[in-house]
Amino acid sequence: MIAIAILAAGRGTRMKSDLPKVLHELGGRTLVERVLQSCQEIQISRRIVIVGYRGELVQQSLIGGQEIPENPESPPLEFVEQTEQLGTGHAIQQLLPHLKGFQGDLLVLNGDVPLLRAETIKQLMAIHTQHKNSATILTANLPNPQGYGRVFTDSQNLVQQIVEDRDCTQAQKQNHRINAGVYCFHWPHLEKILPDLKADNDQKEYYLTDTVNFLAPVMAVDVEDYQEILGINDRQHLATASDILQTRVKDKWMTAGVTLIDPHSITIDDNVELQPDVIIEPQTHLRGRTSIASGSRIGPGSLIENSQIGENVTVLYSVISDSIVAENSRIGPYAHLRGHAQIGANCRVGNFVELKNAQIGDRTNIAHLSYLGDATLGEKVNIGAGTITANYDGKNKHKTQIGSGTKIGSNSVLVAPITLGEDVTVAAGSVVTEDVANDCLVIARSRQVVKPGWKLKDAEK
Ligand code: UD1
Ligand code: CA
């Protein structure tokens, strides 16, 4: 039986933020959410998050909506409060009443170590079980170990002590083997010695790492790729983690057959799905739950968030959020799709067009300078330049419906609620306020009056 505990009570003073450190985002997900999800592949019976600084916020964020849906078999999240943050050991002491009599292992993860791979945790657990260790600790050899606790082992890889960077002597600082902040403890052993921790160190804190002095055997396991165990203490670390994550994600997609032009200028969240032969052009950002099908070319200069893009679509200098675009459509330059816009196949949504909650049938063109909100358009509709749906009366939003084959002349206003039938033609410059049946021409503007020679006559008076 395995319980996990995530340390998430600290403020993260070095972040210089009101937000608890573990709620800072990395590639579209909070640090603590990432840590939780790195344990999704092991069988666990309890999941405990230790919260303190603005704990209700951490709790809300984890319960309120994680970016990636949780494994339905995961046990419910439990929150344990550490009212005063007196150190990582003190945080784990808060579990004593909650894990009384628990006979299994406790996996402890720092809430600020977001890049761990599930595989690494599995390996740590396997070694822990295989050697029947009292504790097993994830370690790494870092080129620059500054800021991390140093782990001292004997020739058998058994841990003798862990000394925090700030408590190290000059000689101890030469040891580059660091504590990653990921531990597996045999709980019945840890439970016994937890009350004995002392705060006799530079920070006057109760260190979880001091427990190794009372437990045996404690084994160190080196992580293969040390980038995984980067702990986020400040904004620089956050930027470094983001670089590492981006490199991981981009490598994955390039290996899978996606072309990235100027990858450094592109960002891709790790929940994005791309098919082979997608081309991503410079300065393009793909966020949230976005998917892009084969043959599509996105960018340069585009932002796509929580949207599905079909095959062979082009998106040029455009912003698309919470929307769907079907195959062979061309979006942009400078289009904005939002609020559940749904574009059919072979459409064109062009220059300076904004679509909000609009469903657009196949082969429809909205090529220039339009706003369509709360609208449903059939197939092969043509929307002339500058067409606007007046969907808001100052209080409520209303719907516009346009049947297939209809053509709206340039610079028309469609005052919602309104329904135009199929194959309707609207004269340019119309302000349409009443429904129009199929196959009609509607001219809703004042007739042009021309007075020949008017200027001359007027001047004679
Ligand atoms: C800790 C380890 C260090 C290790 C490093 C790895 C200790 C004493 N040191 O140092 O050996 O190399 O992580 O990243 O454990 N927290 C609480 N309650 C507290 C204090 C901290 O919940 O009272 C949480 C923080 O929110 C954070 C985590 O514990 O998520 C680690 O705390 P932090 O202060 O960042 O520890 P480090 O100094 O990085
Ligand atoms: Ca840390």
Side-chain angles (χ1 to χ4, degrees), residues 4-15 17 19-24 26 30-36 38 48-55 57-59 62 79-95 108-116 135 137-142 144-152 159 161-168 172-173 175-183 185 194 197-213 218 220 222-223 226-238 240-241:
I4 62 166
I6 296 179
L7 298 175
R11 173 172 186 167
T13 324
R14 289 166 280 180
M15 293 297 280
S17 173
L19 204 62
K21 173 165 71 177
V22 297
L23 288 190
H24 282 261
L26 180 62
T30 64
L31 300 183
V32 63
E33 188 184 336
R34 284 183 178 278
V35 174
L36 254 182
S38 62
I48 305 173
V49 184
I50 300 167
V51 296
Y53 175 74
R54 303 193 75 185
L57 219 59
V58 177
Q59 192 163 341
L62 282 174
F79 294 89
V80 167
E81 210 188 333
Q82 182 194 20
T83 31
E84 259 187 303
Q85 285 77 60
L86 303 178
T88 50
H90 180 255
I92 294 298
Q93 284 174 342
Q94 311 309 305
L95 298 181
V108 177
L109 299 122
N110 278 4
D112 64 350
V113 181
L115 297 176
L116 269 184
I137 290 176
L138 193 65
T139 55
N141 269 296
L142 294 194
N144 175 14
Q146 205 200 335
Y148 289 94
R150 306 297 207 281
V151 179
F152 296 87
V159 177
Q161 61 168 346
I162 303 177
V163 185
E164 289 308 293
D165 187 59
R166 57 201 304 160
D167 300 315
C168 277
Q172 286 174 321
K173 282 196 177 169
N175 178 4
H176 285 211
R177 192 174 199 183
I178 64 96
N179 167 28
V182 180
Y183 323 77
F185 293 100
L194 261 181
L197 289 179
K198 302 255 169 351
D200 51 1
N201 50 59
D202 185 54
Q203 292 195 94
K204 302 278 171 284
E205 284 187 356
Y206 297 91
Y207 287 167
L208 181 59
T209 46
D210 284 348
T211 58
V212 306
N213 303 333
V218 179
D222 270 329
V223 66
Y226 67 79
Q227 290 191 317
E228 275 184 50
I229 54 82
L230 176 71
I232 311 295
N233 294 326
D234 56 32
R235 308 269 181 168
Q236 282 83 349
H237 292 152
L238 196 59
T240 307

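For the single chain, residues carry numbers from 1 onward in sequence order. Both counts, for ligands and for their atoms, begin at 1 and track the order of listing.
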Check whether any side-chain heavy atom of Gln93 lies under 4.5 Å from a side-chain heavy atom of Leu197, and answer yes or no. yes

Taking heavy atoms and a distance under 4.0 Å, where does Asp112 meet ligand 1: side chain, backbone, both or neither? both

With distance as the sole test, does Asp165 use its side chain to make a donor-acceptor pair with the main-chain N or O of Gln146 at under 3.5 Å? no

At what distance is the nearest protein heavy atom to atom 23 (O) of ligand 1, and which residue and atom is it? Gly87 N, 2.8 Å

With atoms numbered from 1 as shown, which atoms in ligand 1 lie under 4.0 angstrom from a non-hydrogen atom of Asn110? 1 (C), 5 (C), 6 (C), 13 (O), 14 (O), 28 (C), 31 (C)

Between Arg150 and Ile178 the two heavy atoms that sit nearest each other are CD-CG2, 4.1 Å

At under 4.0 Å between heavy atoms, which part of Glu164 makes contact with ligand 1: side chain, backbone, both or neither? side chain

Atom 4 (C) of ligand 1: which protein heavy atom is closest, and how many Å away? Asn179 O, 3.2 Å

Is any N or O atom of Ile162, backbone or side chain, closer than 3.5 Å to an N or O atom of ligand 1? no

Considering only heavy atoms from C-beta outward, does the side chain of Thr209 approach that of Glu164 to under 4.5 Å? yes

Side chain, backbone, both or neither: the part of Leu86 lying under 4.0 Å from ligand 1 by heavy atom: backbone

Sub-3.5 Å N/O-N/O distance, Thr209 and ligand 1: no

Using heavy-atom distances, let me know which of Arg11, Gln82, Gln94 sits nearest atom 17 (C) of ligand 1. Gln82

Quick check: does any side chain N or O of Arg54 sit under 3.5 Å from a backbone N or O of Gly52, one acting as donor and the other as acceptor? no

Please answer whether the main-chain N or O of Met15 pairs with a side-chain N or O of Lys21 as donor and acceptor at a distance below 3.5 Å. no

Quick check: does Asn233 have an N/O/S atom under 3.0 Å of the Ca ion (ligand 2)? yes

Any idea which heavy atoms bring Pro114 and Leu230 closest together, and the distance? CD-O, 3.6 Å

Which atoms of ligand 1 are found less than 4.0 Å from any heavy atom of Thr88? 7 (C), 8 (C), 15 (O), 20 (C), 21 (C), 29 (O)

What do you think, any protein heavy atom under 4.0 angstrom from atom 9 (N) of ligand 1? yes

Report yes if the side chains of Leu36 and Ile4 come closer than 4.5 Å at any heavy-atom pair, otherwise no. yes

Can Ile50 be said to touch ligand 1, with heavy atoms closer than 4.0 Å? no

Identify which one of Leu142, Ile162, Thr139 satisfies the side chain to side chain contact (heavy atoms under 4.5 Å, CB included) criterion when paired with Arg177. Thr139

Within a distance under 4.0 Å of any heavy atom of Gly111, pick out the atoms of ligand 1 and give their elements. 30 (O)

Going by the atom numbers of ligand 1, which of them fall below 4.0 Å from some non-hydrogen atom of Asn233? 35 (O), 39 (O)

By atom name, which N, O or S atom of Asp112 is the nearest to the Ca ion (ligand 2)? OD2

Considering only the protein, which heavy-atom contact is closest to atom 22 (O) of ligand 1, and what is its distance? Ala9 N, 2.9 Å

Other residues, nucleotides, ligands: >12 heavy atoms within 6.0 Å of Tyr226 OH: no

Could you check whether atom 36 (O) of ligand 1 has a protein contact, counting only heavy atoms that fall below 4.0 angstrom? no

Give yes or no for whether the N/O distance cutoff of 3.5 Å, strictly under, is met between Gly181 and ligand 1. no

Which heavy atom of the protein is the closest neighbour of atom 29 (O) of ligand 1, given with residue, atom name and distance? Leu7 CB, 3.3 Å

When you look for heavy atoms under 4.0 Å from ligand 1, do you find them on the side chain of Ala8, its backbone, both, or neither? backbone

The protein heavy atom nearest to atom 34 (O) of ligand 1 is Arg14 NH2, 4.4 Å

Nearest heavy-atom approach of Thr83 to Gln85 is O-NE2, 3.6 Å

Looking at ligand 1, does any of its N/O atoms fall within less than 3.5 Å of an N/O of Tyr207? no

Any nitrogen or oxygen of Gly149, side chain or backbone, less than 3.5 Å from one on ligand 1? yes

Kindly say whether Leu26 contributes a backbone atom to a donor-acceptor pair with the side chain of Arg34 at under 3.5 angstrom? yes

For atom 16 (N) of ligand 1, the closest protein heavy atom turns out to be Gly10 N, 3.9 Å

May I ask you to check if ligand 1 and Gly231 share an N or O to N or O distance below 3.5 Å? no

N/O donor-acceptor pair under 3.5 Å between Gln161 side chain and Asn213 backbone: no

Ligand 1 contact on His90 by region, counting heavy-atom pairs under 4.0 Å: neither

Counting only heavy atoms not in Tyr206, do more than 12 sit closer than 6.0 Å to its OH atom? no

If you measure from each heavy atom of Gly52 to ligand 1, is any distance below 4.0 Å? no

Element-labelled atoms of ligand 1 that are located less than 4.0 Å from some non-hydrogen atom of Lys21: 35 (O)

Would a distance-only check, ignoring hydrogens and angles, find a side-chain to backbone donor-acceptor pair under 3.5 Å from Asn110 to Asp112? no

Apply side chain to side chain contact (heavy atoms under 4.5 Å, CB included) to the pair Leu7 and Ile92, showing each step before the final yes or no. CA-CA 8 Å; Leu7 298 175; Ile92 294 298; 3.7 Å; yes

Might you point out which heavy atoms bring Tyr148 and Ile229 nearest each other, and give the distance in Å? OH-O, 4.0 Å

